[in-house]
Trainee: 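Below you will find the structure I want to go over with you.
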Amino acid sequence: MRWSQLLITTLRESPQDAEIDSHKLMIRAGLIRKLAGGLYTFMPLGLRALKKVEAIVHEEMDAAGAQEILMPALQPAELWERSGRYTTMGPGMFRLKDRKENNMVMGPTHEEVVTDLLAREVSSYRQLPCTVYQVQTKFRDEIRPRFGLMRAKEFIMKDAYSFDTTLEAADKSYQSMYDAYVRIFKRCGLDARPVEADTGDIGGKWSHEFMVLADSGEDGIIGCDACGYAANQERAERKVSPVTGAPSPALETVDTPNARTIEEVAAFLKASPDRLIKTLIYVADGAPIAALVPGDRELNEHKLKRLIGCKSLVLADDETIMKVTGAQVGFAGPVGLKIPVYADNDLQGAVDRISGANATDKHVLHVDLARDASVTQYEDIVIVAAGDSCPRCGKPLTLKRGIEVGHVFKLGTKYSESFEATYLTEQGQSQTMIMGCYGIGVSRTLQAVIEQSHDANGIIWPISVAPFTVAILQLDAQDAALCEAVNQLEKELKANGIDVIIDDRDERPGVKFKDSDLIGFPIRIVAGSKALAKGGFEVKGRTDAEAQIVPPAEVLAYVRNLIAKEAL
RNA sequence: CGGAGUGUAGCGCAGCCUGGUAGCGCGUUUGGUUCGGGACCAAAAGGUCAAGGGUUCAAUUCCCUUCACUCCGACCA
């Protein structure tokens with residue numbers, strides 16, 4: 001490839017709307033261009049890198065025994081009505097009508113389509129297990145697209161689906177996808193770690209997310225250095241030690257005018273926030289409930305939702321709070337509440353605490369939960385923070401940020417039941433298939449590579465996904481012997497399966513050096529008269545400080561050696 | 001959807017407060033001098049100042065509305 005023929009412009013400055021390094025670099029290096037919010041065009045170099053990620057995904061999926069198919073992105077709404085997600089996905093889906101006024105959706109994912117497909121195609125246990133996958137464009141009407149390809153309205157995803165006869169077989173399918181994911185991310189040069197995760201909208205019982213550690217990540221990851229426990233913050237659990245204390249004095253109601261928030265109440269009563277009980281009123285599937293957490297902690301809505309087993313969980317509005325507590329917002333408390341009360345484990349056995357009095361401008365002192373309130377259930381319902389105790393080994397937990405690049409789910413029969421995906425057993429009995437689903441955000445993975453691997457000068461591509469492995473910077477274009485040597489080298493490298501781009505532009509050397517570093521080609525060969533006079537080309541890895549002068553005849557071997565070194 | 005902010009040349013920005021029809025840097029084109037880490041000189045092309053309405057003799061500037069984009073929360077690969 002000749003640079004002069006390539007559709008690419010590099011930018012000296014970062015676009016104003018790019019926030020994180022990987023996004024800035026993708027734009028500056030001319031890998032992607034924005035069409036509109038959350039919509040990007042892959043330029044030739046960006047697409048080359050994307051295709052390399054895809055190739056790795058294909059190889060590992062095929063090796064794991066998954067079969068590639070391609071399902072339509074445009075789907076009838078009817079399918080989504082059958083699974084119930086036509087309503088539960090809400091405005092997250094792009095919806096449209098065809099000319100006959102039939103409701104259609106642009107597929108945000110493919111559980112419905114694939115389950116319907118397998119329900120029709122598979123009728124015997126002999127056809128199972130079966131895992132299918134595709135690499136395809138997904139559409140999601142994200143509330144807030146951001147960070148370039150990280151959260152886009154249209155993106156490339158690899159999604160796989162497994163169908164099995166038994167739970168044990170399904171576990172095996174899950175494990176084989178899990179293992180494939182570990183290999184895929186490793187081959188992309190990514191440090192991605194699996195963490196326990198919440199299952200969210202997709203549903204199912206258990207899941208792991210593959211997280212790339214990055215300060216710009218949108219997810220919190222709780223980890224234990226001692227035992228290796230790792231979980232998404234929204235799912236992470238912790239160990240609490242039982243609370244003991246002297247019995248509370250009798251309840252005492254005090255005036256707390258205009259003190260509504262924990263901070264205000266704590267300041268007014270000169271108490272530390274952890275002595276307070278935060279009482280949150282929620283509406284779960286239409287019915288009000290209360291959730292209690294220590295004043296210095298935050299409620300984890302995911303956990304509460306799972307505990308209650310409700311479909312929707314939203315903070316109650318002012319009117320509901322008034323009705324339930326008889327007080328304005330800010331003065332709710334557990335004492336005397338007539339609705340179900342869920343309390344965090346930290347509050348079990350809590351004595352002498354402070355809470356709202358369910359009367360405007362009043363709080364109560366000396367609350368003993370067991371004595372003064374009726375708690376429906378104690379459970380772990382707070383957001384785990386750094387410093388909490390590991391649920392497995394009790395050592396302190398850490399909190400880091402991560403980018404979710406992959407997610408593997410055990411679905412069970414959630415979809416196979418709605419779509420009657422059944423098969424006949426050896427005994428001739430009809431049984432429901434057990435499913436799993438497995439996603440990789442391919443375009444997101446590409447950007448995650450950049451986020452994790454760059455420096456002040458630009459991208460540092462791993463060889464496995466670099467748009468080109470080798471960039472030859474041709475200086476001194478008027479030197480005929482040099483040009484001939486470059487042509488020769490290009491042929492030789494290509495013949496050996498090494499992709500190479502030649503910067504043949506009529507530019508000053510400095511421009512070529514800067515662009516080469518910005519785009520981040522793993523191996524740079526400078527072809528200039530000076531070095532040639534000294535006996536060869538200058539060869540240098542992207543992060544090497546010094547270039548080596550290598551005789552033309554030895555460049556291929558030298559480059560191969562560099563490639564082999566990284567492959568380790 | 002809630003809170004904050006920004007829309008001026010391909011990109012990054014100034015001008016607006018204090019109305020008089022637009023400028024800088026990068027990039028692009030042409031010519032020349034240069035040529036190993038984003039060169040220099042000269043000339044040039046390129047703008048319905050987001051859109052619509054209002055105030056005014058006059059609006060990029062003041063006011064209103066709409067739209068788009070970005071940032072902070074819920075969603076997710």
Trainee: Has the side chain of D515(A) got a donor or acceptor that lies under 3.5 Å from a partner of the other kind on the base of G38(B)?
Mentor: yes
Trainee: If I take atom CD1 in residue I143(A) and atom C1' in nucleotide C71(B), what distance separates them, rounded to the nearest angstrom?
Mentor: 15 Å
Trainee: So what does V511(A) touch, heavy atoms closer than 4.0 Å: a base, only the sugar-phosphate, or nothing?
Mentor: base
Trainee: Is the distance from the ring center of Y438(A) to that of F409(A) below 6.0 Å?
Mentor: no
Trainee: Is it the case that the base of C35(B) and the side chain of D476(A) share a donor-acceptor contact (distance under 3.5 Å, atom types as modelled)?
Mentor: no
Trainee: If you take the centroid of each ring, where Trp contributes its six-membered ring, are Y178(A) and H208(A) closer together than 6.0 Å?
Mentor: yes
Trainee: Grab the CD-P distance between E218(A) and A74(B) for me, whole Å please.
Mentor: 10 Å
Trainee: What do you reckon, do F513(A) and the base of G38(B) stack, with centroid distance below 5.5 Å and planes below 30°?
Mentor: no
Trainee: Which part of the nucleic acid, if any, lies within reach of R524(A) when heavy atoms closer than 4.0 Å are counted: base, sugar-phosphate only, or nothing?
Mentor: base
Trainee: Answer with yes or no whether R144(A) presents, from its side chain, a donor or acceptor under 3.5 Å of a partner atom in the base of C1(B).
Mentor: no
Trainee: If you take atom types as modelled and just measure distance, does the side chain of E13(A) reach the base of G25(B) with a donor-acceptor pair under 3.5 Å?
Mentor: yes
Trainee: So, is the end of the R95(A) side chain (NZ or CZ) under 6.0 Å from the ring centre of Y86(A) and within 45° of the ring's axis?
Mentor: yes
Trainee: Counting side-chain heavy atoms from C-beta on, which of C75(B), U70(B), C13(B) comes nearest to Q16(A)?
Mentor: C13(B)
Trainee: Tell whether R140(A) reaches the base of C76(B) with its side chain through a donor-acceptor pair below 3.5 angstrom.
Mentor: no
Trainee: Confirm from the modelled atom types if R28(A) and G27(B) form a donor-acceptor pair under 3.5 Å, side chain to base only.
Mentor: no
Trainee: Pick base, sugar-phosphate or nothing for A531(A), based on heavy-atom distances below 4.0 Å to the nucleic acid.
Mentor: base
Trainee: Return the nearest nucleotide to the side chain of K514(A); candidates are G37(B), C76(B), G36(B).
Mentor: G37(B)
Trainee: What's the closest nucleotide to the E19(A) side chain, out of A39(B), C75(B), C71(B)?
Mentor: C71(B)
Trainee: Determine, for K530(A) against D476(A), whether the closest basic-nitrogen to carboxylate-oxygen distance falls under 4.0 angstrom.
Mentor: no
Trainee: So what does K153(A) hit on the nucleic acid, given a heavy-atom distance under 4.0 Å: a base, only sugar-phosphate, or nothing?
Mentor: nothing
Trainee: Once you round it to whole Å, what is the distance between P of C71(B) and CG of D17(A)?
Mentor: 8 Å
Trainee: Looking only at atom C1', what distance separates C11(B) and C72(B), rounded to whole Å?
Mentor: 27 Å
Trainee: Hey, does V526(A) reach any base, or is it just sugar-phosphate, or nothing, if we go heavy atoms under 4.0 Å?
Mentor: base
Trainee: Can you check whether any acceptor in the base of C75(B) is under 3.5 Å from a donor in the side chain of R151(A), or vice versa?
Mentor: yes
